[in-house]
Amino acid sequence: MQWEIVIGLEIHAQLTTASKIFSGSATTFGAEPNTQASLIDLGMPGTLPVLNAQAVRKAVKFGLAIDAEIGMTNVFARKNYFYPDLPKGYQTSQMDHPVVGKGFLDITLDDGTVKRVGVTRAHLEEDAGKSLHEDFQGMSGIDLNRAGTPLLEIVSEPDMRSAKEAVAYAKTVHSLVRYLGICDGNMAEGSLRCDCNVSIRPKGQAEFGTRCEIKNVNSFRFIEKAINTEVQRQIELIEDGGKVVQETRLYDPNKDETRSMRSKEEANDYRYFPCPDLLPVVLEPAFLEEVRAELPELPQQKRERFVSQFGLSTYDASVLSAQRELADYFEEVQRVCDDAKLAANWVMGELSSLLNKADLDIEQSPVSAAQLGGMIQRIKDNTISGKIAKMVFEALANGEGDSADAVIEAKGLKQVTDSGAIETMLDEVLAANAEQVEQYRAAEEAKRGKMFGFFVGQAMKASKGKANPQQVNELLRKKLDS
Amino acid sequence: MHEKTLAELSQALQSKTLSSVELTQHYLKRIETFDGKLNSYITVSPDLALNQAKAADERIAAGTATALTGIPLAHKDLFCTQGLRTSCGSKMLDNFIAPYESTVTQRFIDAGAVTLGKTNLDEFAMGSSTESSFYGPTRNPWDTERVPGGSSGGSAAAVAARLCAAATGTDTGGSIRQPAGFTALTGLKPTYGRVSRWGMIAYASSLDQGGPMARTAEDCALMLQAMAGFDDKDSTSVDQPVDNYSASLNDSLTGLRIGLPKEYFAGGLDAATADAIDAAVKQFQALGAEVKEISLPNAELAIPAYYVIAPAEASSNLSRFDGVRFGYRCNDPADLTDLYKRSRGEGFGPEVKRRIMVGAYALSAGYYDAYYLQAQKIRRLIKNDFMAAYEQVDVILCPTSPTPAFKIGEKIDDPVSLYLTDIYTITANLAGVPGIALPAGFANGLPLGMQLLGPYFSEARLLNIAHQYQQVTDWHQRAPAGY
């Protein structure tokens, strides 16, 4: 049987507000347990929530960026359930009147095709705390630092048909929220978490199969693996005559398997109802316009501009625009050196491999955009060759000079363009290789190409790479062919 | 000195014919003498009170006093008071000392008032008789075999027995007005949003409102002046200027239009109460008011709507009492579920459990539309009734409860009959409008109450009307025998 995979994602993005969604506590990650938990976060009797306007602003920003309907009347609702790290016994969330309604995101697949994925809704809610089960001798510890951190839960339509599509969608959301500056996207710290709803159906069938929800998958790699593992489990189950049961599952990356967490029957009745402590939030059209004006150029717009303005390939444009900081870096390099193609090549080539090796973000790059742009200028004006440039780049990365010019100066890497000096050097090279010169001159035209390369190599070696390769070529040809 | 009203005590303190320390000591002594029988206080705080009294005397001497500086007050034990136990009348919070101060009590502290202690209430304010308190029932000083009403029954009994100059209460379905009616006090439930709920332990958030309970409208005006005002810590607090409540007390009632809702004078109303209201109507007419019959057609739906909405909110509000962070925790829980079940099972009393179950049921999947949403629609209809009525009249006059104070134990085993005692007060909470209860007479030695309901933010007018009535009647001046 041919199976079709159906995937929908729920992505929880922690919003980068300075304080929590309903209290004034800070939201900094990694503080000592319970040092960022106020009376409100502790759910102290008599305390009341006050909505953080910044959280609404950031959510609206997301909604505008995905062309969604914005909920002009926002209602917060209580989702009631008991859990030790849920201090009030309910999570304040949104149910019937979310801040972001239907919208969409275009994702680019590996083969370059673009697919549109629907976003059902995105709503604001507060995060819970954390239960800590180690180091407490048979007891559990509760850390409420995270309790009340604003989350935007972004719910997709079940539009994805493979784990790869799901990852592409997740990466698109990741890129977008970072572009918008509404979430730091740090998946290791839980700033972006993903629940995957997975089902399968025989190809051609219209109805969906029974879905399972895989909770809290915290990396792109695990999203792909968890979905594939779950799909395999469902296929085997059905093909063995079994039935998929609607349930919540957990992915165990160590064993590469998903495990049942709770079934639908065990699921809570959350008894949602509008939170009486918070009045409906009515947004004014003027507010939307104000937020719209703050929208940065979005990844897709940037990609299109990179193609049209700089003549980059779609591939290069999409790599460079995936991350706002990388795009900004590229544009700065381009601005300094005024050569988009060279700038793109260096950023995607040497720079990316340097950052990868050192496991650094673009913001931590040891070579600044101004330095790299300055270096490319020197390639363009023939001060250095591409080969020497790699040495200059390495020196800059090692902090051996403030600028390409300083490195070139200090290391004496300036290209030799004085044709007299090159000629003298070439004469010496030819004299030292008289035998090869004879052979070259005797050879047929077709074989000369490779032999010519030998002389170029010898010449570059003799000049320690500093001779201008173009001049070397021209002068060599003149000397050999004369 | 306890014979004096708050306003009179304030004058005596300002003119230094009396010190706050003397006055506080006097009340503390009275509490010691009488409260063994009445049980109006859960916690008495003599050290705190005397320190505050001393500071108040200094402030008066320094000439920076307010009208409330040095006045000994009591607070319903669901206003969080930093360092002083806040029990909510529940075993669940028997060990709870709040690490912060409620806005209402903070405002009284800022005004220089003295805190004598915390008063008894129905557990988590759920009740109409103060019998469901973990700390035992409060007795009505007018007849100690009878209830003082509830849930603010401790405050009512304490003020009526002159064990404090005035007290705070809260009113979710009549919990200030009904006990005021049962004890011959004046009590005001402000417009929803007029008084901050920060630090007031929630029963039903969309209905709860704190307010004053005192001997006279004049005293209530002084109390409300301190309590009312916008608070950015409470999102349901309304940012609107506060009137000067004392300034308009002596305004004339000429031309005042009073409406009598016909639905409130139909079956079930005690004859003596009906007669008392008739007499009050004549008084108001003599003061220049016009009285006419009006209709609140959906009033009969108020009780069922209330007993869906209030328990629904309560079922969620009380989820935080889970034995994890504060309050009662059962001994030796076997696991997490056991911890929850036994902490809540042992910590809450039967009425609280009943309302949590009713509320959880009303919100559960498949019933939400039939109960909660339906109740919200009724709420809107009731609000519309009031808005329509206020186009014809300025205020509405009606009883506070169908009968005077009933006997302790009489209704406690019959929840529905107990719920029905709030039939005249609940509509104001559902509509969010303010109401003032005041004494209208006596029958067989028991106080009879009436209430005036007004449009949003008409507290100044309600206090004015009540004050004018109290200038020509003396019900409010009577004290229970022996106190």
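Numbered from 1 within each chain, the chains take letters A, B, ... in sequence-line order.
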Next on the checklist: Is A:Asp277 in contact with chain B via its backbone, its side chain, both, or neither, using a 4.5 Å heavy-atom distance?
Outcome noted: both
Checklist outcome for this item: When the 4.5 angstrom heavy-atom criterion is applied to A:Tyr81 and chain B, the contacting part is neither
Side-chain donor-acceptor pair present, [X], [Y], cut-off under 3.5 Å:
X	Y	result
B:Asp122	B:Ser151	no
B:Asp77	B:Thr43	no
A:Glu10	A:Asn197	yes
B:Tyr368	A:Arg271	no
B:Thr170	B:Lys76	yes
B:Asp208	B:Thr172	yes
B:Glu123	B:Ser90	yes
A:Glu126	A:Thr92	yes

Taking every heavy-atom pair that is under 4.5 Å apart, which of [options] has the most such pairs with chain A?
options	answer
B:Cys88, B:Cys80, B:Ser364, B:Ser206	B:Ser364
B:Ser102, B:Ala360, B:Ser315, B:Gly327	B:Ala360
B:Lys233, B:Arg325, B:Glu313, B:Gln376	B:Arg325

Under the 3.5 angstrom rule, does the side chain of [X] hit a backbone N or O of [Y] as a donor-acceptor pair?
X	Y	result
A:Ser131	A:Ile142	no
A:Asp127	A:Ala147	no
A:Arg78	A:Phe273	no
B:Arg355	B:Ala314	no

Checklist entry - Among A:Thr47, A:Asn80, A:Leu279, which residue forms the greatest number of heavy-atom pairs with chain B at distances under 4.5 Å? => result A:Thr47
Checklist entry - Pick from A:Pro276, A:Gly89, A:Gly24: which one has the most heavy-atom pairs with chain B under 4.5 Å? => result A:Pro276
Checklist entry - Which pair of non-hydrogen atoms, one from B:Thr119 and one from B:Ser155, has the smallest distance, and what is that distance? => result OG1-OG, 2.8 Å
Item to check | Side-chain heavy atoms of A:Val50 within contact of B:Ser235, under 4.5 Å | outcome: yes
Is [X] close to chain A through its backbone or its side chain, or both, or neither, when contacts mean heavy atoms under 4.5 Å?
X	result
B:Ser316	both
B:Tyr367	neither
B:Asn317	both
B:Phe321	side chain

Checklist entry - Residues of residues 329-344 of chain B under 4.5 Å from chain A (heavy atom pairs)? => result B:Leu336, B:Tyr340, B:Arg344
Next on the checklist: Within residues 192-203 of chain B, which residues come under 4.5 Å of chain A, heavy atom to heavy atom?
Outcome noted: B:Tyr192, B:Arg197, B:Trp198, B:Gly199, B:Met200, B:Ile201
Next on the checklist: Can you confirm whether more than 12 heavy atoms, excluding those of B:Tyr371, are under 6.0 Å from its OH atom?
Outcome noted: no
